[in-house]
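Only one structure is covered here, and it is reproduced in the block below.
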Amino acid sequence: MRSPALNLIAENLTIDRGGRRVFQDLSFSLESGTALVVTGANGIGKSSLLRTLAGLVALAKGKILLEGGEDDKLPQEHAHYFGHQDAVKPALSVLENLKFWQSFAAPAQTAGFTGIQMTPAEAVETLGIGHTAQLPAAYLSAGQKRRLSLSRLLVTPRPIWLMDEPTSALDKASEQQLLDLMNGHLTAGGMIVTATHTELALTNTKILHLQAVAPDASAPEEMLI
Amino acid sequence: MDFGSHAGFIFASYGLCLLTILALIAWVRFDKAHQDRSLRELAEQGITRARPENESKNAR
Amino acid sequence: MTGWAMALFQRDLRLSIRVGGSALVGVLFFLAVVTVIPFGVGPDLNLLARIGPAILWIGALLATLLGLDRLFQADRDDGTLDLMLMAGRPMELVVLIKCLAHWIATGLPLVIAAPLLAIFLNIDPIAMGAVTLTLLVGTPALTLIGAIGASLTVSLRRGGLLLAVLVIPLAIPVLIFGVSAADAAIHDPVPFLTPFLILCALSLIAAVIGPVASAAALRFTAD
Amino acid sequence: MAFWDYANPTRFLKLVQVLLPWLVGLCVIFFAAGLYMSFFMAPEDYQQGNTVRIMYIHVPAAWLSMMCYSVMALSSIGTLVWKHPLADVSAKSAAPIGAAFTFMALVTGSLWGKPMWGTYWVWDARLTSVLVLLIMYLGLMTLWRTMEDPIKAGKAAAVLTLVGALNLPVIKFSVDWWNTLHQPASVVRMDGPTIHPDILWPLMVMATAFTLFFFVIHLMAMRNEIMRRRVRALRLRAAASSHPGTAAATAQPAE
């Protein structure tokens, strides 16, 4: 079909947050067209893992590489982060919100990723909130805001999608729509890392299960201090 | 010995410095006692630093 | 300005115009400060004329500090700040542009209001011009320095007061040269240009240190 | 390298244990000598009379208020550049000590000023910049107190400390716009000290005593801070109980 030009590699990721070791020595690699589904109990560090990949949490140890990415860019600059917060400004209209993100977030073009850039109007149409395009985002329902936030991923092509509980606040129909988008992204050679509680019917997935280990083996460096 | 008409100012300065120094000493002592007590209480609950000493050496 | 920078600038400007009329509140606060001072020092017009530039500067400083806590907090609260950090744009420039937009929305109105308030303080026309000019050059420095405090306190629920405490010591040089330049125009102990140029230099320095320190602080407090 | 060995907190604590008694002893000796010299050996100043004796605590306190900030600034670089855990601890525990010395310098300065200038306070360059320094110390302490996570607070405070370090000379320079009532600096000059040795010696001994005292308190405060973080880490672990928040990962393809 296509050559897996992109390869996201995480080596021995170790993270301390607030003096607590969240996880340690976590390694995985992910190729183009694959989704990594992160599972595990609450508070085990799924969100932290995604935020780490997004470059928002400093690594205590280990590194994150993106083979085949643009040389002058960090891995997180190839990624979209779709977290719990919508980053939607109520005072701006739906299109204004989206146009800002299109101009502001730098697109990342890599070999093997054929995701296309939608215009803001197309993106909101795709997600079924086209009729709200000119309205201030304040009038949107929670689900609509969520979809507006999701359309952000379509207006700037980036090969990695980091999605934290992507289906929350979405109804069944929108969930199916989301899955179609995600599968489309995978087909285009993108990759997805998602933390979820619900089964997601994605085409090509790997599972990363996080689980607790015995406490003593893994005292954080901070414990010394 | 006579410190002249400004003796009050001299003794006030030295006195205040002494007080500040004593306050600093008191602060570190009380803080130490407080942390010691907290560590002891934790130890009584069986929560201690599990990482052995030799391991901490090659941690860095 | 490149596309992304313009987009950010326009967005911030739009937001501050549409949300809550921050400019108006700032100017009203400025007016309130200037109004209460005569009640404190007495209605002696000569005295007011003498300390007028200082009153205007302190009023502007306080009004600037008042609006600063929202500089990054609004963006942090809804997750925008996270996305900005990974947008692939230099954070220092992002901070600089946000400060610029913030200054135009809240600092510039203060500068424009200054000549009107100067009338209340019996400041003569030349001094009025001088104060306005120093405010025009100096208030950007206040915003840029304040950005450091704003990014340090961004994760705190009620960071406004702490922000003021942290920023005021850093703002003292700006205040000193702003007021001395304005004073110099009135009863020239030194030529106006000397303190004025130093004030300009302080603003330029703040335009470097402010964004660098503030971007660093925002990165550290991201998680 | 030997220095980095002591970067490990546990070893650092051992080092403190060894060092502290000696430092305390030296400090007491220097204080005794300094106090004796400044009260009984140093002559009266022909202009200032006996009030010159205030200088023997005022100048060392002022010197330490600056040195303490320098220690914090260096530690902040350690925090930001090398992300060193002890740097953080050092900066945090230096702040209250710095505030105390700054307070001392201010109070003795104004008690010296009253008989000399007839007023407790003048807005001259040195007094004003020392006052600003005090506000900065207190601001930093507040910042540390208000932020929950010590690591995050340390980084935020480090940024502020460094900005403040850049700001201090600017403040000094700005406030110099007003005439200064203080004498021009006379201890450090290219052609050697100009003040009389009878005055200089007690001053040096007192300055050494103050510096030693700073190190004693700083080491003790650092030890406390390390213990405080230990307590915090242990409590966090206690709260996490069966789920220590650590995770092992297995990556396997789904069928």
Side-chain angles (χ1 to χ4, degrees), chain C residues 95 138 141 144-181 183-184 189-190 194-195 198-199 201-203 205-206 208-223, chain D residues 69 73 76-77 79-81 83 87-88 95 98-99 102 123-125 127-179:
Chain C
V95 171
L144 289 159
I145 294 170
I148 303 173
S151 50
L152 289 173
T153 55
V154 73
S155 60
L156 304 176
R157 267 300 123 221
R158 294 171 54 80
L161 216 50
L162 179 60
L163 184 150
V165 173
L166 299 182
V167 166
I168 284 177
L170 305 177
I172 284 177
V174 178
L175 193 64
I176 287 176
F177 285 104
V179 176
S180 10
D183 273 343
V190 282
T194 320
I198 297 176
L199 182 66
L202 284 178
S203 285
I205 296 172
V208 177
I209 294 177
V212 169
S214 166
L218 286 177
R219 278 193 209 104
F220 292 141
T221 48
D223 64 290
Chain D
Y69 202 90
S76 300
I77 296 176
T79 304
L80 294 184
V81 179
K83 300 187 172 53
D88 216 19
T102 315
W123 286 95
D124 87 320
L127 284 177
T128 313
S129 39
V130 171
L131 179 64
V132 172
L133 187 63
L134 181 64
I135 297 175
M136 279 165 53
Y137 276 126
L138 297 178
L140 279 166
M141 286 162 66
T142 322
L143 187 62
W144 257 305
R145 287 188 74 90
T146 38
M147 291 180 102
E148 266 302 301
D149 179 350
I151 305 281
K152 239 191 242 184
K155 282 176 176 165
V159 171
L160 187 64
T161 310
L162 288 179
V163 174
L166 293 174
N167 186 51
L168 277 177
V170 181
I171 285 189
K172 180 70 171 51
F173 165 73
S174 337
V175 192
D176 262 330
W177 269 70
W178 299 319
N179 263 338

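Numbers restart at 1 for each chain; the letters A, B, ... are given by sequence-line order, proteins then strands.
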### Task
Under 4.5 Å heavy-atom distance to chain D, tell me which part of C/Ile209 shows up: side chain, backbone, both or neither.
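Looking at C/Ile209, just its side chain touches chain D.
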#### Entry: Contacts of C/Thr153 that satisfy side chain to side chain donor-acceptor pair (under 3.5 Å) - sequence neighbours left out
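So C/Thr153 forms no side chain to side chain donor-acceptor pair (under 3.5 Å) with any residue.
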Contacts under 3.5 angstrom, residues 136-145 of chain D side chains, donor-acceptor by atom type, not counting sequence neighbours:
{"residue": "D/Tyr137", "atom": "OH", "partner": "D/Ser65", "partner atom": "O", "Å": "2.7"}
{"residue": "D/Tyr137", "atom": "OH", "partner": "D/Tyr69", "partner atom": "N", "Å": "3.0"}
{"residue": "D/Thr142", "atom": "OG1", "partner": "D/Leu138", "partner atom": "O", "Å": "2.5"}

To the closest 0.5 Å, what do you measure between [atom1] ([X]) and [atom2] ([Y])?
X	Y	atom1	atom2	answer
D/Met147	D/Lys155	CE	NZ	11.0 Å
C/Leu144	C/Ser214	CG	OG	9.0 Å
C/Leu175	C/Ser180	CG	OG	9.0 Å

### Task
Using a 4.5 Å cut-off on heavy atoms from C-beta on, say whether the side chain of C/Leu162 contacts that of D/Thr146.
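Heavy-atom side-chain distance check passes, below 4.5 Å.
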### Task
List in chain and number order the residues that pass side-chain contact (heavy atoms from CB on, under 4.5 Å) with C/Val167, two or more places apart in sequence or in another chain; answer none if no residue qualifies.
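For C/Val167, the residues satisfying side-chain contact (heavy atoms from CB on, under 4.5 Å) (neighbours in sequence not counted) are C/Leu65, C/Ile145, C/Leu163.
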### Task
With chain C as the partner chain, list the residues of residues 158-168 of chain D whose heavy atoms fall under 4.5 Å from it, by residue number, and write 'none' if nothing qualifies.
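Residues D/Val159, D/Leu160, D/Val163, D/Gly164, D/Leu166, D/Asn167 are the ones that qualify, each having a heavy atom under 4.5 Å from chain C.
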### Query
For chain D, which of C/Val165, C/Leu202, C/Leu166, C/Ile172 has the most heavy-atom pairs under 4.5 Å?
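Ranked by heavy-atom pairs under 4.5 Å with chain D, first place is C/Leu166.
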